[in-house]
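Here's the structure, in structure tokens; my notes come after.
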Amino acid sequence: MHFLPSGRLKRSLRKQVILFGISVLLPALVLFVLIIRLNRQDNELRKKRAGEAQQQKAEEIGKHLAEKLEKTENIILQELASDFGNGQNAYRTHHELVFVGSIINDKLVMPWEEAEIQKLPSKAKSSRELILQAQKAEFEKNDLKLAESLLNRALSSEDSSLKKCFIQVQKGRILTKLGDGEEAKHLYLKILAQPGGLTDEYGIPFSLYAAERLSVLDSEVKPILDRLEGLMGEIRWLPSSALYFIQDITAQVQEKSQDPDLLGRMANLRQSTENALENLGRLESLKGYVSSWMLRRRSLNQSGDPINWEAHGDIPWIVGIRELNEGQSQVLLAFHGPGVLSTSIEESGLANTFPGICRITASPLGEGFLPGGSFEGFRVQFEETDASAWSKSSLPFPILYWSILILVIGFTAFGGYLLWRDIGRELAIAEMRSQFAASVSHELKTPLTSIRMFAEALTMGVKKHPEAQKEYLQTIISESERLSRLLNNVLDFSKIEQGTRTYRFEPTSLEEIIHDAEEAMAFPMDQKGFDLQVEVEEGIPEILADRDALEQAVLNLLHNAMKYSGESRDIKLKLHRNGDLASIDVTDYGIGIVKEDRDRIFGKFFRVQGVENQKIPGTGLGLTIVSHIAESHGGKVEVKSQPGEGSTFSLILPLEAK
Ligand code: ADP
């Protein structure tokens with residue numbers, strides 16, 4: 001037997017912890033760091049690849065966009081070249097076309113300015129004269145009748161519908177002044193129906209003048225509103241003065257109307273004029289850029305690298321400047337960027353080739369990707385930018401790495417737990433061992449003292465009392481038996497620990513063992529006033545066993561029964577057969593064992609912790625040896641117990657045993 005001093009034990013435990021750290025924790029930590037690093041590198045690589053994939057997709061999208069724009073542009077340019085008018089037709093057929101207009105002397109001409117240029121020269125000189133005379137009659141001579149007849153003459157001599165409109169507006173005014181309201185209304189309704197393209201030199205359609213007059217003349221609201229809505233839909237670009245005019249007329253008729261339906265339409269009309277004004281602002285700002293673009297175009301054209309499309313504005317518009325009629329004139333085309341982008345993506349079949357949706361912005365330095373060389377100042381942005389949506393991991397199975405990581409952490413934690421549990425056990429055993437050393441010395445001392453005391457008494461002469469002499473001698477024998485049992489237990493335990501305990505098996509009668517044990521216990525039991533009842537079932541065959549070992553086991557159980565009997569003085573020893581098994585039961589009616597301790601009492605050095613139990617001497621080895629002996633015979637020890645009522649230990653052995 002050897003005991004570890006606690007200092008050495010602690011050092012050895014510390015060594016175990018350090019070893020665990022080096023052999024398990026350190027490699028686990030290294031693996032952990034490696035996996036984390038690998039994963040981070042993979043993420044960076046994926047981000048880079050995703051960026052490349054997005055750039056590639058942006059260029060692909062840009063290519064299709066450029067193709068679509070080129071096709072549309074060619075059609076529009078052809079229409080313009082064959083003089084289909086000022087592009088109003090193009091707006092109708094190409095919904096994404098925002099603006100088309102001429103560039104003259106490096107300046108963008110607004111649609112109404114163009115109208116002015118085309119329409120100012122009047123063919124019918126005579127009608128101009130007549131109009132001037134009529135104005136003189138109206139304003140200077142105040143001769144309204146004369147003015148009316150002059151205008152009637154002008155009307156009949158004029159065949160341009162534009163001029164006719166102009167004259168009719170004047171005539172309407174004179175009719176109103178003459179008090180012929182109905183006639184005037186009639187005339188204004190006629191002008192109201194005229195196409196929106198018929199405008200004065202400021203780009204304001206004559207029908208708007210008529211609408212304004214009608215709104216004052218208490219005419220019906222609905223036809224005015226119909227016409228205003230018609231104008232907004234018909235003419236792509238109205239000058240701001242016309243838009244404000246529409247807003248004013250709407251406000252005027254709004255005062256007269258109660259109809260919720262009409263009021264709703266007025267609100268919509270107001271909103272669309274607001275939007276048109278906002279767009280007009282964009283167009284004005286575009287106009288500001290045109291001359292600098294023209295300059296740049298010229299220098300780039302010399303270097304042979306024309307820019308096809310430029311970005312403009314918040315939406316943005318895709319703007320291109322093109323030659324018309326073999327370079328004689330220039331036009332500017334502006335398309336609604338997001339609109340063309342989405343139709344081009346749809347038409348090219350690219351819609352499902354990337355995750356999420358994509359946007360086009362006019363921010364050359366902003367986020368996103370350049371959609372190829374044809375576009376200047378544009379960026380294509382993807383809504384879904386998560387790297388995993390764009391590129392695959394280069395690690396074969398990212399899940400594998402994470403599983404390894406989790407396993408490593410799991411195993412390390414489990415190892416740590418086992419070590420912690422082991423250390424706890426070691427400490428508990430070390431504690432029990434030190435208790436054991438104290439109890440062994442104590443147990444040795446008690447029988448030695450009595451042997452010595454009774455031997456001395458014998459030498460001092462108790463010869464005259466043969467009864468006392470016999471009792472002294474018996475006590476000496478019983479105490480020395482107790483001593484040798486204790487030493488046997490310690491020696492056996494030591495052998496069990498070292499694995500050198502051997503058994504000598506020979507045919508053995510269990511009945512004889514019971515009787516020998518009964519005999520051995522007779523004196524000590526008698527001395528302490530115990531009543532041992534022995535019950536033996538007949539006919540139990542001999543078994544192959546180590547007789548001394550079995551007797552030692554039974555004696556251990558009987559001694560325990562005595563020690564833990566408390567006040568009770570009855571003990572039962574019973575041998576009986578149970579099928580193929582023989583059972584030796586030792587029953588006492590003493591202190592019993594609580595449930596939690598019933599399995600632990602067979603562990604080495606274990607002693608139940610309790611005030612009552614602590615007073616009873618013991619080493620905690622008795623039951624360990626009993627259970628070893630039982631197992632070596634192919635059997636087991638069972639315990640049934642009730643605290644306060646007693647316990648029954650059964651040594652169960654197979655009858656066919658070795
Ligand atoms: P000990 O030398 O302490 O008796 P054992 O291994 O024989 O060692 O027993 C272990 C513990 O089991 C004892 O300390 C005691 O608490 C409990 N024990 C054993 N036998 C009995 C019994 N018959 N009644 C109650 N408790 C018992």
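Atoms within each ligand, like the ligands themselves, are counted from 1 in listed order. For the single chain, residues carry numbers from 1 onward in sequence order. Hydrogens, waters and symmetry mates play no part in the numbers below; they use all other heavy atoms, side chains included.
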Residue-ligand contact Gly592/ligand 1, heavy atom below 4.0 Å: yes
Within 45° cone and under 6.0 Å: Arg452 NZ/CZ vs Phe454 ring: no
For atom 24 (N) of ligand 1, the option (of Tyr564, Phe606, Phe605) bearing the nearest heavy atom: Tyr564
All side-chain hydrogen bond (donor to acceptor under 3.5 Å, both in side chains) counterparts of Asp386, not counting sequence neighbours: Ser388
Atom 3 (O) of ligand 1: the protein heavy-atom neighbour that sits closest, reported with distance to 0.1 Å: Arg607 NE, 2.4 Å
N-O pairing of Glu44 and Lys47 below 4.0 Å: no
Presence of salt bridge, Glu60 and Lys57, under 4.0 angstrom: yes
Residue and atom name of the nearest protein heavy atom (relative to atom 16 (O) of ligand 1), distance in Å to one decimal: Asn613 ND2, 2.9 Å
Option whose closest heavy atom lies nearest to atom 5 (P) of ligand 1, chosen from Val626, Asp588, Thr648, Leu623: Leu623
Contact atoms of ligand 1, heavy-atom distance to Phe649 under 4.0 Å: 20 (N), 21 (C), 22 (C), 23 (N)
Ligand 1 N/O within reach of Asn560 N/O, cut-off under 3.5 Å: yes
Residue list, side-chain hydrogen bond (donor to acceptor under 3.5 Å, both in side chains) with Arg607, at least two apart or on another chain: Tyr564
Nearest non-hydrogen protein atom, atom 26 (N) of ligand 1: Ile593 CG1, 3.4 Å
Salt-bridge criterion met for Glu512 and Arg547 (N-O under 4.0 Å): yes
Validation row, ring centre Tyr503 to ring centre His633 under 6.0 Å: yes
Leu621 neighbourhood, listing ligand 1 atoms whose heavy-atom distance to it stays under 4.0 Å: 6 (O), 8 (O)
Proximal atoms of ligand 1 relative to Ile601 (non-hydrogen, under 4.0 Å): 10 (C), 11 (C), 12 (O), 17 (C)
Glu347/Lys68 ion pair, N-O < 4.0 Å: yes
Atom 2 (O) of ligand 1 [closest protein heavy-atom partner, distance rounded to 0.1 Å]: Thr619 N, 2.8 Å
Pair Asp492 + Arg501, salt bridge at N-O below 4.0 Å: yes
Numbered atoms of ligand 1 (with element) below 4.0 Å of Lys563, judged on heavy atoms: 1 (P), 2 (O), 4 (O)
Within reach of ligand 1, part of Val608 (heavy-atom separation under 4.0 Å): both
